[in-house]
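Since this is a predicted model, take the numbers as computed values, not measurements. All ligand and atom numbering here is 1-based and tracks the order in the structure. Note that these values count all heavy atoms, side chains included, but never hydrogens, waters or copies made by symmetry.
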Amino acid sequence: MRVEFTGQGIYLADLDLWLDPHHRQRRAWISHAHRDHAGAVHEEVYATAETLALYRIQHGGALEGAALRAVPFGQSWELCGARLTAYPAAHVLGAAQLLVQWRGLRLLYTGDVKLLPPLCGRPTETVRADRLIVESTFGLPIFHFLTREQARERIVAFARCALEEGRCPVLLAHELGRAQEVAHVLCQAGVPVAVHPAAARYLPVYAEAGFPMPGWDEWNGSALPEAALVLPPRFRASVQLPRRRVRIAYVSGWAALDNARARTGAEELIPYSDHAGFEELLELVEATGAREVDVVHGYTGAFARILTLRGKLARAPERPRPEGENG
Ligand SMILES: [Zn+2]
């Protein structure tokens, strides 16, 4: 099977199918709704129903005329003589790995993926493959993340403690994925929550998918709420957070780095991610059984070398792509 790694995305020429392309294409697989994977509108899109629901919120009227094909998990469909199947990836809601079976070859494209069960969404299914295309956002041995149980405990304890002190707990969390997970665990614990509009717009899709968030409010941005505030990091600099009236936590895979405090101004670092940590990534690669591996995002060169030492035929194809802090 011809797999082309380009600046526009990954192209499966035999199927005329792009994987997470960055610009408009005739036919695309969208693994999940983060902007660096779902930032463009295409003529024909294959994705899970949950991903399409999030994609519609992002692109609205621009999708008019596009053929959006909702793909159920675990049910195969045919395309140009290949058999394709989506499996859960436990990244943001709806995230899916794509298995392509073609002339006896099993090719697996993980998209962004984690192995530990997420706070919201389906657990990952490991899939056997001959050839693997895997991400490596956190493909260095320094990255280890909390389990969902540990993360839940840390998030709720941090928020309760700040509220008891009479301060506003501010949880910096990526607007799609972590923000909804943080809102969900706080709502479930009975902690009042206000959510920045950029993240709030996705909450109904999560609730619809079985992760309810009773009692949350959308933050109007004018004054600190009498509740925990869920704020995407990209708005941190533009929002007034008086030091003596807030406590700030950063919920992200990047919170595992020493410089996270200085970079975000957070006093509490909660290293919980919707990506696999290093050991999880290795485990995932081994579980697929694939001998041939292409590493496509993050610490690609280093992770490919580590896989090579473990006996894989591993490569880090050159492929410039937009970076987004979505760890
Ligand atoms: Zn992602």
Side-chain angles (χ1 to χ4, degrees), residues 8-10 18-22 28-40 42 45-59 71 73 86-98 108-125 132-140 143 145 148 151 172-182 198-199 201-202 205-206 209 211 232-234 250-256 271-278 280-281 284 294-300 303 319-327:
Q8 305 294 313
I10 302 167
W18 288 84
L19 308 179
D20 291 332
H22 307 139
W29 161 254
I30 294 184
S31 64
H32 68 285
H34 275 146
R35 299 292 290 199
D36 53 345
H37 294 251
H42 312 286
V45 171
Y46 290 87
T48 65
E50 290 155 346
T51 293
L52 288 179
L54 298 167
Y55 186 61
R56 282 192 186 94
I57 291 171
Q58 293 165 334
H59 294 283
V71 171
F73 284 111
Y87 293 93
H91 183 58
V92 298
L93 193 72
Q97 312 175 75
L98 180 67
L108 181 68
Y109 170 61
T110 63
D112 289 351
V113 66
K114 70 184 277 184
L115 265 191
L116 289 172
L119 284 162
C120 298
R122 295 173 176 79
T124 294
E125 286 179 35
L132 176 67
I133 304 172
V134 68
E135 61 123 343
S136 66
T137 301
F138 294 111
L140 290 181
F143 292 109
F145 303 135
R148 64 177 172 183
L172 301 175
H174 189 276
E175 64 203 66
L176 175 54
R178 242 70 35 68
Q180 292 73 31
E181 290 189 309
V182 168
R201 62 189 183 142
Y202 300 121
V205 180
Y206 275 69
F211 304 97
R234 72 186 173 102
Y250 182 39
V251 187
S252 171
W254 300 109
Y272 173 76
S273 182
D274 50 15
H275 290 267
F278 178 72
E280 281 178 81
L281 263 186
L284 183 135
D294 290 294
V295 184
V296 290
H297 189 44
Y299 299 98
T300 53
F303 193 63
R319 193 172 68 98
R321 73 185 253 184
E323 296 292 328
E325 185 176 304
N326 60 8

Handout entry: Aromatic ring pairing His37/His32, orientation class (parallel under 30°, perpendicular over 60°, tilted between)
Key = tilted

Practice task
May I ask you to check if any N/O/S atom from His32 comes under 2.8 Å of the Zn ion (ligand 1)?
Solution key: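 Given the 2.8 Å cut-off, His32 counts as a ligand of the Zn ion (ligand 1).
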
Exercise for the section: Please state whether the separation between the Zn ion (ligand 1) and some N/O/S atom of His275 is under 2.8 Å? Expected result: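 For His275, the answer is no, given that no N, O or S atom comes within less than 2.8 Å of the Zn ion (ligand 1).
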
Practice task
Using only N, O or S atoms, tell me which atom of His34 is closest to the Zn ion (ligand 1).
Solution key: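 It is ND1 of His34.
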
Practice task
Check salt bridge (Lys or Arg N to Asp or Glu O under 4.0 Å) between Glu135 and all other residues, then give those that pass, not counting sequence neighbours.
Solution key: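 Once residues adjacent in sequence are excluded, Glu135 has no partner under the salt bridge (Lys or Arg N to Asp or Glu O under 4.0 Å) criterion.
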
Practice task
Could you tell me whether Arg148 and Glu181 have a side-chain N and a carboxylate O separated by less than 4.0 Å?
Solution key: no

Handout entry: Salt bridge present between Arg178 and Asp274 (N-O < 4.0 angstrom)
Key = yes

Problem - At the Zn ion (ligand 1): angle between His91 atom NE2 and Asp112 atom OD2, to 10 degrees - result: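 The two atoms form an angle at the metal of about 100°.
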
